[in-house]
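One structure is given below, encoded as structure tokens.
Only a predicted model underlies this, so the values are computations on that prediction, with no experimental measurement involved. A note on names: the letters A, B, ... follow the listed sequences, proteins ahead of strands, and every chain is numbered from 1.
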Amino acid sequence: MTFADNVFKVVAKIPRGKTLSYKKVAVLAGRPKAYRAVGNILNKNHDPKIPCHRVIRCNGQLGGFNRGAAQKKKLLKQEKTI
DNA sequence: CGTATGACGTGCA
DNA sequence: GTGCACGCCATAC
């Protein structure tokens, strides 16, 4: 179980309509100061099973997954309407 | 093994 | 509220 695995696990556990900040994910993953690595890992592991679009900045703004997940914003809205 | 990078966060001006 | 700089961690090369 590596930090990356923990991150994926935590992100995958994010319920629909809910969003977590990179820091929060890092905390849940067990490395409160590794929010940097969280984004790095997710970026290199753009796994479709990982709702990275649910991981946002602590500012409430979307992260850099805009690479092709900009459409996910609509997904978030849809999930919000659960 | 060491260096560089990155989808961040916080502090200060 | 905005902009700049620093610090932190894990991964990739």
Side-chain angles (χ1 to χ4, degrees):
Chain A
M1 186 65 77
T2 92
F3 178 65
D5 287 324
N6 275 327
V7 174
F8 292 123
K9 203 171 175 174
V10 172
V11 177
K13 275 180 175 181
I14 301 175
R16 289 166 64 184
K18 184 106 181 170
T19 48
L20 286 178
S21 61
Y22 289 93
K23 197 200 282 192
K24 207 79 183 234
V25 173
V27 174
L28 295 172
R31 291 289 187 276
K33 310 231 158 135
Y35 42 77
R36 277 264 204 167
V38 175
N40 203 322
I41 291 161
L42 290 172
N43 177 254
K44 292 191 167 160
N45 294 274
H46 55 92
D47 202 292
K49 298 289 176 209
I50 305 302
C52 35
H53 56 273
R54 282 182 201 156
V55 185
I56 59 174
R57 287 199 166 198
C58 76
N59 301 313
Q61 298 297 117
L62 289 172
F65 42 81
N66 293 310
R67 272 187 170 179
Q71 201 172 29
K72 305 272 179 169
K73 281 192 283 193
K74 283 180 126 183
L75 254 313
L76 277 171
K77 195 178 178 181
Q78 181 81 64
E79 293 178 356
K80 267 189 190 172
T81 320
I82 294 297

What is the distance, to the nearest angstrom, from the [atom1] atom on [X] to the [atom2] atom on [N]?
X     : N     : atom1 : atom2 : answer
A:R57 : B:dA7 : CZ    : P     : 9 Å
A:H53 : B:dA7 : NE2   : C1'   : 14 Å
A:L42 : C:dC9 : CG    : P     : 18 Å
A:Y35 : B:dG6 : OH    : P     : 18 Å
A:N43 : B:dT5 : CG    : P     : 15 Å
A:K24 : B:dA7 : NZ    : P     : 24 Å
A:N45 : B:dT5 : CG    : P     : 20 Å
A:I50 : B:dA7 : CD1   : C1'   : 14 Å

Where the side chain of A:T2 is concerned, which of B:dA7, C:dT11, C:dC9 is the nearest nucleotide? C:dT11
Donor-acceptor pair (no angle test) under 3.5 Å: A:R36 side chain, C:dC9 base: no
Given DNA chain B, 5'-ward residue of the pair A:C58 and A:N40, judged by closest heavy atom: A:N40
NA contact type, [X], heavy-atom cut-off 4.0 Å: base, sugar-phosphate, or nothing?
X     : result
A:Y22 : base
A:A37 : base
A:I41 : sugar-phosphate

When you measure from the side-chain N and O atoms of A:K33 to the phosphate of C:dA10, is any distance below 4.0 Å, counting only OP1 and OP2? no
Nearest 0.5 Å please: distance from the [atom1] atom of [X] over to the [atom2] atom of [Y].
X     : Y     : atom1 : atom2 : value
A:H53 : A:L62 : NE2   : CG    : 10.0 Å
A:I41 : A:T2  : CD1   : OG1   : 6.5 Å
A:K33 : A:K23 : NZ    : NZ    : 9.5 Å

Carefully, step by step, assess A:I14 and A:V55 under the rule side chain to side chain contact (heavy atoms under 4.5 Å, CB included). CA-CA 9 Å; A:I14 301 175; A:V55 185; 4.1 Å; yes
Quick one: do A:L28 and A:L20 satisfy side chain to side chain contact (heavy atoms under 4.5 Å, CB included)? Show the steps, please. CA-CA 10 Å; A:L28 295 172; A:L20 286 178; 3.9 Å; yes
